[in-house]
Amino acid sequence: MNGTAPPSVSILDAPDFNLPLTLTSGQVFHWSEVAGYWEGLVGDKYCAVRQDGQHLVFRGSLSAAEVANYFALDHAMDEISASFPDDAFSQAALRACTGLRVIRQPEWECLATFITSAMKQVAHIRQMSLAIRSRFGMPVSQSAINAYPSPARLALTDEAALRECSLGFRAKNLLGAARSIDDGTIDLLALRSMKTADARTALCSLPGVGVKVANCVLLFAYERLDAVPVDVWINRIMRAMRGGRPATAAQLQRYSERHLGPYAGYVQQYLFHHARVSKTLPQR
DNA sequence: CGCCAGGGTCTCG
DNA sequence: CGAGACCATGGC
């Protein structure tokens, strides 16, 4: 209301939620912990948030409804937990990752970030994402980092400039995707009302987007909670679930879709994070 | 230092 | 359809 008023803090109920776990589970890459608060952007809106037991304490430009929507506080965690398969892998991951939410990310920055994720570790995906924001993004009031640059902005740059953000061979793909979206070849808004299979096909027509990246975007930005990204970690876990027998990528993708239940994407995210932090699985 | 990372694409059998 | 080569870069 009053432009000279001190920044106010708001409080939100957040049962069955673990903020740091959610923000460090490899679905979103730009949040930083500063002085007890997690600071980040949702689109071009700044948010600083910390967890206090069953509550979120936050300040910035987001309304309570927007914070709740971003962190998917409305997800029916009882129902989702109950849907996890009754095998040792899934149940161990469920116990270890209680409170992890699959959040609702802005579509373009999710897509762009996962285009740059190919054959990269989580730490480096974060570095590339921050470099792109710093170099091409618009400053945001209160925020140490910039908004993710729009497709139109990236369409204006060139491959060499993107390579200076350490993208390597991914630079051409990000540029090509930005241009296809900027010129209307692909309409990210239109994907919202499409069947998952059709949306996946559309995403896969973009350079640097195959089934794995498309499923990341469907899961993390389009709320398709049954979409299962099969990366090298999930690959190992699926193989172990099947008794360690060798299997093709297509077999493992099919297995994940048939055996992980209606919230397969959730199960996958728990399996991924648990395996990655515990390092209990065979390395090959 | 050698190996690996939240892969995609193209070619060849 | 399935396997291999190739693509850059940094963490460990």
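So that the names make sense, note that chain A is the first sequence line, chain B the second, and so on, each numbered from 1.
- Set against B:dG8, B:dG6, C:dA8, the side chain of A:Val213 has B:dG8 as its closest nucleotide.
- Under a 3.5 Å cut-off, the side chain of A:Asp182 and the backbone N or O of A:Pro151 do not form any donor-acceptor pair.
- Here the shortest heavy-atom pairing between A:Trp233 and A:Ala275 reads CZ3-O, 3.6 Å.
- Across the interface with DNA chain C, nearest-nucleotide mapping of A:Ala118 and A:Gln127 shows A:Ala118 to be the residue nearer the 5′ end.
- Rounded to whole Å, atom P of B:dC3 lies 14 Å from atom CE of A:Met119.
- Heavy atoms of A:Val209 sit under 4.0 angstrom from primed sugar atoms or phosphate atoms, though from no base atom.
- Here C:dG10 presents its C1' atom at 15 Å from CZ of A:Arg163, a figure rounded to the nearest Å.
- Residues from residues 247-270 of chain A that place a heavy atom under 4.0 Å from any atom of DNA chain B, listed by number: A:Gln268, A:Gln269.
- Of all nucleotides listed (C:dT9, C:dA8, C:dG10), C:dT9 comes nearest to the side chain of A:Lys120.
- A distance-only check finds a donor-acceptor pair linking the side chain of A:Ser117 to the backbone of A:Phe114 [under 3.5 Å].
- The aromatic ring of A:Trp233 is not stacked on the base of B:dG6, since the criterion of ring centres less than 5.5 Å apart with planes inclined by under 30° is not met.
- Grouped with A:Leu130 in one hydrophobic cluster are A:Leu41, A:Tyr46, A:Val140, A:Ile145, the linkage being side-chain heavy-atom contacts under 4.5 Å among Ile, Leu, Val, Met, Phe, Trp and Tyr residues.
- Atom CG in A:Leu271 sits roughly 16 Å away from atom P in B:dG6 (whole-Å rounding).
- Remark: P of B:dC4 and CZ of A:Arg276 are 17 Å apart, rounded to the nearest angstrom.
- Geometrically, A:Arg59 engages A:Tyr37 in a cation-pi contact defined by less than 6.0 Å to the ring centre and at most 45° from the axis.
- Using P as the reference atom, C:dA5 and B:dC4 are 15 Å apart when rounded to the nearest Å.
- The CZ atom of A:Arg126 sits 16 Å away from the C1' atom of C:dG10 (whole-angstrom rounding).
- Dense packing is recorded around CG of A:Asp74, with more than 12 heavy atoms of other residues, nucleotides or ligands lying under 6.0 Å away.
- Atoms CD1 (A:Ile125) and C1' (C:dG10) sit 12 Å apart, rounded to a whole Å.
- Between C:dT9, B:dG7, B:dG6, one nucleotide has an atom nearer to the side chain of A:Ser166 than all others, and that is C:dT9.
- Within 4.0 Å (heavy atoms only), A:Gly26 reaches at least one base atom of the nucleic acid.
- In this structure, the side chain of A:Ser180 engages the main chain of A:Gly176 through a donor-acceptor pair within 3.5 Å.
- For A:Arg170 and C:dA8, a side-chain-to-base donor-acceptor distance below 3.5 Å is present, hydrogens and geometry of angles not being considered.
- We find that CD1 of A:Ile115 is positioned 16 Å from C1' of C:dC7, with the value rounded to whole Å.
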Practice task
I would like to know whether A:Arg192 and A:Glu107 meet salt bridge (Lys or Arg N to Asp or Glu O under 4.0 Å); could you show each step before the answer?
Solution key: CA-CA 10 Å; A:Arg192 293 181 186 178; A:Glu107 291 144 2; 2.7 Å; yes
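- Distance noted for atom P between B:dG6 and C:dC6: 24 Å (whole Å).
- The stretch residues 216-225 of chain A has no heavy atom under 4.0 Å from DNA chain C, so no residue of it qualifies as close.
- A:Gln91 places a side-chain N or O within 3.5 Å of a backbone atom of A:Pro85 that can act as its donor or acceptor partner.
- The distance between atom CG of A:Asn235 and atom P of B:dG7, rounded to the nearest whole Å, is 10 Å.
- Base engagement by A:Ile234 is indicated by at least one non-hydrogen atom pair under 4.0 Å involving a base atom.
- Ring orientation note: the planes of A:Tyr270 and A:Tyr266 are tilted relative to one another, at an angle of 30° to 60°.
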